[in-house]
Amino acid sequence: MDKYKIVKRLGEGAYGVVMKCINQETQEVVAIKRMKQKLTWPDALKLREVQALQKLTDHPNIVKIKEMSLKESQLNIIFEFCDKNLYQQM
């Protein structure tokens, strides 16, 4: 997670906190969801959200997972960044 710089906090839900970040190597803007619960790698791969997003990678209306990081039992899911959520778009 050292390669990402946090720009701002976008929101918080029951399972995690979402932040807007910049990849310091490529200057790409991404969204990172930091999960609240402590996980092992096998548990992280079993999450319904992760499994569903991995299966729907080719759909144009689904935000794509760019990578996942697990450090000290803290799962971070790195997504492509969208400047609006579904509610704002509607």
Side-chain angles (χ1 to χ4, degrees):
M1 291 308 302
D2 296 333
K3 69 179 183 179
Y4 295 100
K5 178 182 174 189
I6 298 172
V7 175
K8 71 175 182 176
R9 185 176 165 156
L10 298 174
E12 183 172 351
Y15 298 103
V17 177
V18 179
M19 299 162 289
K20 179 180 180 179
C21 300
I22 295 179
N23 182 325
Q24 295 182 2
E25 297 169 4
T26 64
Q27 301 305 309
E28 178 183 20
V29 178
V30 296
I32 297 180
K33 183 175 187 178
R34 179 167 289 161
M35 303 302 283
K36 290 180 180 178
Q37 94 185 79
K38 303 292 182 189
L39 297 166
T40 63
W41 193 248
D43 291 336
L45 295 175
K46 290 178 188 173
L47 291 173
R48 282 185 278 164
E49 177 180 10
V50 172
Q51 289 181 345
L53 289 171
Q54 287 176 335
K55 288 180 182 178
L56 298 170
T57 57
D58 294 333
H59 196 284
N61 296 330
I62 302 293
V63 177
K64 293 169 185 40
I65 294 178
K66 299 184 86 42
E67 64 181 285
M68 290 175 36
S69 166
L70 186 68
K71 186 175 182 181
E72 298 175 12
S73 300
Q74 185 76 57
L75 177 65
N76 294 289
I77 306 173
I78 296 93
F79 293 95
E80 61 183 352
F81 181 74
C82 298
D83 52 347
K84 295 180 185 177
N85 61 33
L86 182 60
Y87 180 74
Q88 292 167 331
Q89 185 66 32
M90 293 170 34

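Because the structure is a prediction, the values reported are computed rather than measured.
Tracing side-chain contacts under 4.5 Å through hydrophobic residues (I, L, V, M, F, W, Y), one never reaches Ile78 starting from Ile62; they form parts of separate clusters. Ile22 is connected to Val18 through a chain of hydrophobic side-chain contacts under 4.5 Å among Ile, Leu, Val, Met, Phe, Trp and Tyr, so both are in one cluster. No continuous path of ILVMFWY side-chain contacts below 4.5 Å connects Ile77 to Met19, so the two sit in separate hydrophobic clusters. Residues Leu45 and Leu70 fall within the same hydrophobic cluster, defined by Ile, Leu, Val, Met, Phe, Trp and Tyr side chains chained together at heavy-atom separations under 4.5 Å.
Between Leu75 and Trp41 the shortest heavy-atom distance is CD1-CZ3, 4.3 Å. Here the closest non-hydrogen pair linking Gln88 and Lys84 is OE1-CA, 3.2 Å. Nearest heavy atoms, His59 versus Lys64: O-NZ, 3.2 Å.
Between the CD1 atom in Ile32 and the CD atom in Glu67 there is a gap of 8.0 Å [rounded to 0.5 Å]. The CD atom of Gln89 lies 10.0 Å from the CG atom of Asn61; values are rounded to the nearest 0.5 Å. For the atom pair Lys3 NZ and Cys21 SG, the distance stands at 12.0 Å (nearest 0.5 Å).
Under a 3.5 Å cut-off, the side chain of Gln74 and the backbone N or O of Met35 do form a donor-acceptor pair. Not one N or O on the side chain of Lys46 forms a donor-acceptor pair closer than 3.5 Å with the backbone of Gln51. No donor-acceptor pair closer than 3.5 Å links the side chain of Lys20 to the backbone N or O of Asp83.
Between Lys71 and Asn76 the shortest side-chain heavy-atom distance does not fall below 4.5 Å. Side chains of Leu10 and Phe81 form a contact here, defined as non-hydrogen atoms less than 4.5 Å apart. Counting heavy atoms from C-beta on, the side chains of Leu39 and Leu47 come closer than 4.5 Å. The closest side-chain heavy-atom distance from Phe79 to Ile65 is below 4.5 Å.
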